[in-house]
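Only one structure is covered here, and it is reproduced in the block below.
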Protein chains: 2
Amino acid sequence: MRAYDKYAYEPFAVTVDLAVLTLRAGALHVLLVERGQEPYAGRWALPGGFVQPDESAETAARRELSEETGLSDVSGLHLEQLRTYSEPDRDPRMRVVSVAFTALLPDPPEPHGGGDAAQARWVPYDTARPLAFDHDRILADAHERVGAKLEYTGLATAFCPSEFTLGELQQVYETVWGTPLDRPNFRRKVLATPGFVEPVPGAARLTGGRGKPAALYRAGGAAALHPPLLRPSREGRPA
Amino acid sequence: MRAYDKYAYEPFAVTVDLAVLTLRAGALHVLLVERGQEPYAGRWALPGGFVQPDESAETAARRELSEETGLSDVSGLHLEQLRTYSEPDRDPRMRVVSVAFTALLPDPPEPHGGGDAAQARWVPYDTARPLAFDHDRILADAHERVGAKLEYTGLATAFCPSEFTLGELQQVYETVWGTPLDRPNFRRKVLATPGFVEPVPGAARLTGGRGKPAALYRAGGAAALHPPLLRPSREGRPA
DNA sequence: CCCCTTTATAGTCAGTACGACTATTAAGGG
DNA sequence: CCCTTAATAGTCGTACTGACTATAAAGGGG
């Protein structure tokens with residue numbers, strides 16, 4: 001029961017931490033900031049900050065996202081609560097409970113070093129560690145969550161600009177999952193899943209570089225994919 | 001960035017709230033406590049309480065679970081973080097951030113009214129609302145999460161005793177999803193999914209009531225189901 | 001004691017999804 | 001003007017799925 005009267009309660013500091021992911025040059029990148037002070041001075045960490053008295057954690061996360069990326073409009077970006085980290089010793093200075101979020105960006109702007117960020121950079125996911133505090137774990141949890149959600153939601157489109165080719169969409173899956181996918185089969189499945197993507201009607205063709213121009217698509221309205229787009233099973237072909 | 005120095009920080013109270021779900025007589029039930037004081041005096045609420053200074057949220061949740069259910073050993077029970085609720089006005093008295101958990105129980109013991117719970121009861125899920133605070137939302141989120149996880153994890157066995165029949169397992173799915181399932185097909189899929197369940201070797205038969213006795217199974221070790229056991233699609237057969 | 005109901009388990013069958021391929025089209029580059 | 005690159009189209013056999021039918025093994029009521 002809610003025993004407000006029975007237990008004394010200790011005040012906690014509540015922060016948000018952001019795992020901001022994007023794709024640059026076909027590789028998964030994460031937005032990191034360099035810490036200026038102890039503890040972990042000089043180490044890289046996930047961006048974050050304190051939740052203000054009048055904010056929800058979601059509001060604080062979106063504010064931090066805007067501050068750290070330098071983007072004026074972050075309202076359309078995908079921002080999702082990951083989980084809360086509350087180990088008593090996770091911050092050596094004081095008792096800090098952190099609500100972690102995952103954010104997905106389509107086209108990565110150079111993080112303006114302005115604002116309050118001492119130094120903010122896009123770092124390839126593979127070379128990000130070790131991070132300060134328990135951020136290694138948060139980042140790993142974020143990656144795992146995103147990979148899982150690609151299977152049964154249309155989340156992949158959050159990595160893409162508003163209009164994209166199926167090849168770009170496939171690259172999202174391949175990069176996050178770390179697995180090459182068969183192009184014709186990927187195409188078939190995506191187009192067979194209602195509400196995942198919809199073709200851009202006009203004479204829509206992207207002339208990026210070499211090769212046949214690809215048709216452009218927009219994100220469909222569907223939140224859940226039916227059927228899901230399962231990643232190649234680690235099991236399934238055992239002995 | 002972690003601007004501990006830049007912003008003043010407000011102390012928050014941090015609580016855990018528990019959505020404890022079980023199956024009784026083929027219906028989904030949730031453990032509720034009756035509030036004795038304002039606000040929401042006389043209303044039912046999810047059990048919960050303050051996180052103590054030396055506890056993580058997970059530790060606090062398991063402690064509360066033990067206290068509220070009266071079970072001496074809650075170490076084997078499924079307990080999982082749901083998400084954190086932090087709207088500034090969710091508690092009219094003060095700023096409270098609550099980390100919500102979902103717990104799944106196999107056989108429901110009568111909640112001992114002892115401990116500190118004024119009154120604790122198993123309430124059918126459908127008649128649980130309205131609850132105090134934002135607990136309606138928490139409960140709905142818990143239900144949705146559990147329903148989704150039944151698809152791609154072996155979570156359903158957490159609702160069952162250590163040995164169970166496939167009929168009982170099917171009842172878990174039907175009750176949580178609110179959909180009848182075809183028995184032969186359910187059986188085929190469960191047995192075809194490696195690691196989901198394993199037969200109890202001995203002369204294992206349950207003579208519960210009428211009908212042919214069923215073979216007994218135990219939970220297999222698999223965390224993820226491959227292939228997943230998808231619920232009958234709301235879409236898929238549209239117009 | 002014999003049906004009749006109940007529940008478990010076995011099996012069938014057609015439609016579909018999927019993985020692995022091959023083929024064709026439409027660009028750009030030397 | 002080929003050659004490479006990338007997009008798109010199509011094929012084929014297997015696995016899976018949903019909808020069913022059939023059989024087996026219990027208990028209960030006349």
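Quick note on labels: first sequence line is chain A, next is B, and so on, each numbered from 1.
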CZ of A:R210 versus P of C:dG30: gap in Å, rounded? 10 Å
What's the closest nucleotide to the side chain of B:P184 if the choices are D:dT21, D:dT5, C:dT7? D:dT21
Considering only heavy side-chain atoms of A:D182, the closest of C:dT9, C:dA20, C:dC18 is C:dA20
Scan B:R183 against the nucleic acid and name what it touches under 4.0 Å (heavy atoms): base, sugar-phosphate only, or nothing. base
Taken to the nearest whole Å, CD/A:E168 to P/D:dT5 is 19 Å
For the pair made of CZ in B:F186 and C1' in D:dA19, what is the distance, rounded to whole Å? 17 Å
Test B:L28 against every option in B:V146, B:L21, B:D126 by the side-chain contact (heavy atoms from CB on, under 4.5 Å) rule and name the one that passes. B:L21
Rounded to whole Å, NZ of A:K212 lies from P of C:dG29 at a distance of 18 Å
Rounding to a whole Å, what distance do you find between B:R187:CZ and D:dG18:P? 17 Å
Closest to the side chain of A:N185, out of D:dA26, C:dA20, C:dT6, is C:dA20
Between B:H226 (NE2) and C:dC18 (C1'), how many Å, whole number? 15 Å
Any A:K189 side-chain nitrogen or oxygen under 4.0 Å from OP1 or OP2 of C:dC18: yes
Between the side chains of A:Y85 and A:D141, does any donor sit under 3.5 Å from an acceptor? yes
Could you check if a side-chain atom of A:P201 sits within less than 4.5 angstrom of a side-chain atom of A:R218, using non-hydrogen atoms only? yes
So for atom CD, which belongs to A:E144, do other residues, nucleotides or ligands contribute more than 12 heavy atoms lying within a distance under 6.0 Å? no
State, with a plain yes or no, whether a side-chain heavy atom of B:F196 is found less than 4.5 Å away from one of B:L169. yes
How long is the line joining CD of B:Q171 and C1' of C:dA8, in whole Å? 14 Å
Side chain A:R188 and base C:dG19 donor-acceptor under 3.5 Å: yes
In whole angstrom, what separates B:L216's CG from C:dA8's P? 12 Å
